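Scroll down for the structure; my scribbles are underneath it.
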Protein chains: 2
Amino acid sequence: MTGSERTCPIRGDGGRALRAVLDRIGTRWTLLVVATLDRGGLRFGELERRLPGISQRMLTLTLRNLERDGLVSRTAHPEVPPRVVYALTATGRSLIGPALALAGWAAEHAPDLEERRAAHEARETAAHDE
Amino acid sequence: MTGSERTCPIRGDGGRALRAVLDRIGTRWTLLVVATLDRGGLRFGELERRLPGISQRMLTLTLRNLERDGLVSRTAHPEVPPRVVYALTATGRSLIGPALALAGWAAEHAPDLEERRAAHEARETAAHDE
DNA sequence: CTGGATCCGCTCTGATACTG
DNA sequence: CAGTATCAGAGCGGATCCAG
């Protein structure tokens with residue numbers, strides 16, 4: 001739109017913008033949380049149940065980071081017992097597209113990667129044993 | 001292709017495939033290296049010069065991982081001094097598409113994220129000072 | 001020129017226990 | 001129910017020196 005799109009978005013600014021994003025979505029749970037919230041807002045406990053293996057600590061930290069970056073909104077209802085609902089913001093939803101592209105690639109090539117990696121390690125082990 | 005794409009690729013298998021990929025491209029230099037190799041094979045020194053700030057160690061490790069996963073090919077010419085050329089494989093090139101999608105999102109929203117984060121931190125600091 | 005080896009610090013992550 | 005606090009472990013990433 002600005003007419004200056006000829007630089008690669010990946011290397012554009014030396015990768016700083018991309019780095020900033022990867023530092024967030026690169027963490028173990030971020031994308032899973034975002035994907036889980038895709039269908040609508042959820043409570044803390046709901047999220048915890050839908051993310052097998054996550055600890056309260058990591059769920060809290062992940063949500064805090066997402067909230068800080070404006071990808072997730074937090075709504076606390078002043079009741080007892082407390083009820084807090086997390087939901088994606090417009091920005092948060094906009095991340096799902098690119099994330100899906102990456103996830104698609106992952107689903108398609110993950111078996112390949114593991115295969116190659118296994119083969120590679122086997123080769124190295126053999127070379128070592130010999 | 002297979003007709004069984006109704007599960008979300010992100011949460012599909014609990015995120016294992018996606019995790020496997022993020023564990024690789026989530027590292028600081030992987031995507032930068034891939035992007036730098038996009039226009040053709042390069043020598044080790046070339047890559048080092050085109051990736052300001054990377055250390056020899058991390059360049060070596062990154063290339064080794066990419067090679068192990070079959071995303072990058074390594075061609076050593078038995079000369080003196082040594083000459084080693086790294087290039088993207090077909091699989092490696094196929095990663096550029098999704099990566100570009102993510103980078104595009106990053107370029108578009110990174111300023112937003114930093115802004116929000118700054119605002120958030122300012123708010124917290126103020127609350128602390130008071 | 002291309003890398004291997006080592007030391008070191010930082011952050012991510014998880015388990016556990018405690019609070020409003 | 002929804003977090004916070006603390007402790008400990010593991011891995012990434014960087015700087016530096018050395019070798020083929």
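Everything numeric in this text was worked out from a predicted model, so none of it was measured. So that the names make sense, note that chain A is the first sequence line, chain B the second, and so on, each numbered from 1.
No more than 12 heavy-atom neighbours from other residues, nucleotides or ligands sit within 6.0 angstrom of CD on B:E115.
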Expected rows: protein N/O vs nucleotides 11-14 of chain D N/O, under 3.5 Å:
unit_1, atom_1, unit_2, atom_2, d
D:dG13, OP1, B:R28, N, 2.9
D:dG13, N7, B:R57, NH2, 3.1
D:dG14, OP2, B:W29, NE1, 2.9
D:dG14, N7, B:R57, NE, 3.1
D:dG14, O6, B:R57, NE, 3.1

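A side chain to side chain contact (heavy atoms under 4.5 Å, CB included) with B:V84 holds for exactly one of B:H77, B:R43, B:R74; it is B:R74.
In this structure, B:Q56 atom CD and D:dG20 atom P are separated by 16 Å, rounded to whole Å. A:L63 places its CG atom 11 Å from the C1' atom of D:dA2, with the value rounded to the nearest Å. Going from atom CD of A:E48 over to atom C1' of D:dT4 covers 14 Å, rounded to whole Å.
Base engagement by A:T60 is indicated by at least one non-hydrogen atom pair under 4.0 Å involving a base atom.
In terms of modelled atom types and a separation under 3.5 Å, the side chain of A:R24 and the main chain of A:N65 share no donor-acceptor contact.
Residues A:I54 and A:V34 share a hydrophobic cluster, clusters being chains of Ile/Leu/Val/Met/Phe/Trp/Tyr side chains in contact below 4.5 Å.
Rounded to the nearest 0.5 angstrom, B:L42 CG and B:E48 CD are separated by 12.5 Å.
Of the candidate nucleotides D:dG3, D:dG20, C:dG3, C:dG3 has the atom nearest to the side chain of B:Y86.
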### Task
Could you go through the side chain to side chain contact (heavy atoms under 4.5 Å, CB included) check for A:V72 and A:L88 one step at a time?
CA-CA 4 Å; A:V72 159; A:L88 289 183; 3.8 Å; yes

